[in-house]
2 protein chains.
Amino acid sequence: MTTTEPAEPTPRRGRGRPGYDQAAILRTAVELFNRKGYDATSMGDLAKELGLTKPAIYHHVTSKEQLLSQALDDALDELTAVVTAASGDRAGATAYERLREVLRRSVEVLVAHQPSVTLLLRVRGNSGIELAALERRRWLDDRLAALVADAVAEGSLRDDVPPTLVSRLLFGMVNSLVEWYRPDGVYDAAAVADAITVIAFDGLARHHA
Amino acid sequence: MTTTEPAEPTPRRGRGRPGYDQAAILRTAVELFNRKGYDATSMGDLAKELGLTKPAIYHHVTSKEQLLSQALDDALDELTAVVTAASGDRAGATAYERLREVLRRSVEVLVAHQPSVTLLLRVRGNSGIELAALERRRWLDDRLAALVADAVAEGSLRDDVPPTLVSRLLFGMVNSLVEWYRPDGVYDAAAVADAITVIAFDGLARHHA
DNA sequence: CCTACCGATCGGTAGG
DNA sequence: CCTACCGATCGGTAGG
């Protein structure tokens, strides 16, 4: 199990206790949620990780679910921005170009917001908050499927594979990022986006009919 | 939330109670684990789903973790068989052919054993059983990465994308199956395997340099 | 009266 | 298989 240092306390404003703010607690909470799972993470675990007592956390945060909700909103807001920017035909951009763009920007979001997106992709719908997040996710998936269908319709993508299947697999590949990508590793977001684009559009095979 | 009927009780052996056996309880348990998450599923939930009391379950099963362990073993045994069959060069088969084969057979396993594989792919390492499963998974991933590297080395796959990245993305795409594939849907295992193979090796783009 | 907490414990529920 | 429970721990809150 990886040892993780809690998010840095905000720079001390003079004398007194370290003083976490809401954002720092959220970062540590999301990291724990992803490492152990949301349900398996107790507020006591979070307190220990932060070097606080459990009641002290409630000085900054109203509930465990609020932490989940904020992380899910962060991920969903970012992904929604990407999909919205790529949906609807912008001046002169083909569906194919917009699909490439949404793939590239999705990878950037997954890399820049990996903790919250990871949490989002693991939501099961166990509460109202989770169900609402799943509904927003479905909206995103529908937009992406429509974009793929548009690219097939305009003739830039092959039409011998069902567009819905292509959409699932394409973004399944992108989403798998959260399971293995490490920001301190050898690949940056651009390298991953390039690899995905090459695989998806040009294929890996060197010689084929 | 989807309503799910519990696994059918084994055919009654005459008079008396329905009489679940271990396998039927395991099926229902795994289905619940996947729907709500392992930690969020209580043995009471499982009892209600089966129409039994909580203690009655322990007549058939020794612990909640045992149910998890059996499901993980099922998934890992199946995937290991696929990878073992494809690893090491069999008579006359190129790495490229073996890679295509392992992709196709992986899809078949994911479809035929979706519940247990889904559970496997969500394991976080929260217990000894989970850590052992993660170790077996890592072994599989290493074998798959080696197979991709072999295919690049023999010249059948393009070498301008890092093989480790290709391996991650390829099996990320395959593994995403567990998140959306429905056995009662329009696509069978062969259709999905074909789509993955086409995307991965030939690419989606219709015209490219 | 503020902030940033603490020690102790609440009502419920977990797996067994 | 059920009724009746256990040791422990859950998320959250009391007064100070």
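We name chains A, B, ... by the order of the sequence lines, and we start the count at 1 in each one. Just so it is clear, the structure is predicted and the values come from calculations on it, not from any experiment.
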Legend entry - P-based separation of D:dG12 from C:dA8 [nearest Å]: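 Going atom to atom, P in each nucleotide, I get 22 Å.
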Do [X] and [Y] have side-chain atoms, one donor and one acceptor, less than 3.5 Å apart?
X: B:Asp45; Y: B:Ser42; value: yes
X: B:Tyr187; Y: A:Thr164; value: yes
X: B:Gln114; Y: B:Thr118; value: no
X: A:His113; Y: A:Asp74; value: yes

Inset, instruction - Only stems of 3 or more consecutive Watson-Crick or G-U pairs count here, both distances under 3.5 Å; name the ones for DNA chain C, or none. - result: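 So the stems come out as none.
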Distance in angstrom units between [X] [atom1] and [N] [atom2], rounded:
X: A:Leu52; N: C:dT3; atom1: CG; atom2: P; value: 17 Å
X: B:His59; N: D:dT3; atom1: NE2; atom2: P; value: 16 Å
X: B:Leu67; N: C:dG15; atom1: CG; atom2: C1'; value: 12 Å
X: A:Asp45; N: D:dT9; atom1: CG; atom2: C1'; value: 11 Å
X: B:Gln66; N: C:dG15; atom1: CD; atom2: P; value: 15 Å
X: A:Ile57; N: C:dC5; atom1: CD1; atom2: P; value: 11 Å
X: A:Gln22; N: C:dT3; atom1: CD; atom2: C1'; value: 16 Å

Legend entry - Heavy-atom pair of closest approach, residues B:Ser106 and B:Phe171: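 Closest heavy-atom pair between B:Ser106 and B:Phe171: OG-CE2, 4.3 Å.
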Answer yes when [X] and [Y] have at least one side-chain N-carboxylate O distance shorter than 4.0 Å, and no when they do not.
X: A:Asp73; Y: A:Arg136; result: yes
X: B:Lys36; Y: B:Glu49; result: no
X: A:Arg104; Y: A:Glu108; result: yes

Inset, instruction - Check whether any side-chain N or O of A:Thr53 sits under 4.0 Å from OP1 or OP2 of C:dC6, and answer yes or no. - result: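 Affirmative; the distance criterion is met.
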Legend entry - Partner of A:Tyr38 under side chain to side chain contact (heavy atoms under 4.5 Å, CB included), chosen from A:Arg122, A:Glu65, A:Arg124: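 With A:Tyr38 as partner, A:Arg122, A:Glu65, A:Arg124 yield a single side chain to side chain contact (heavy atoms under 4.5 Å, CB included), made by A:Glu65.
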Report, one pair per line, the protein and nucleotides 11-13 of chain D atoms (nitrogen or oxygen only) whose separation is under 3.5 Å.
residue : atom : partner : partner atom : Å
D:dG11  : OP1  : A:Thr41 : O            : 3.2
D:dG11  : OP1  : A:Lys64 : NZ           : 2.8
D:dG11  : OP2  : A:Met43 : N            : 2.9
D:dG11  : N7   : A:Lys54 : NZ           : 2.7
D:dG11  : O6   : A:Lys54 : NZ           : 3.3
D:dG12  : OP2  : A:Tyr58 : OH           : 2.9
D:dG12  : OP2  : A:Lys64 : N            : 2.8
D:dG12  : N7   : A:Lys54 : NZ           : 3.4
D:dG12  : O6   : A:Lys54 : NZ           : 2.7

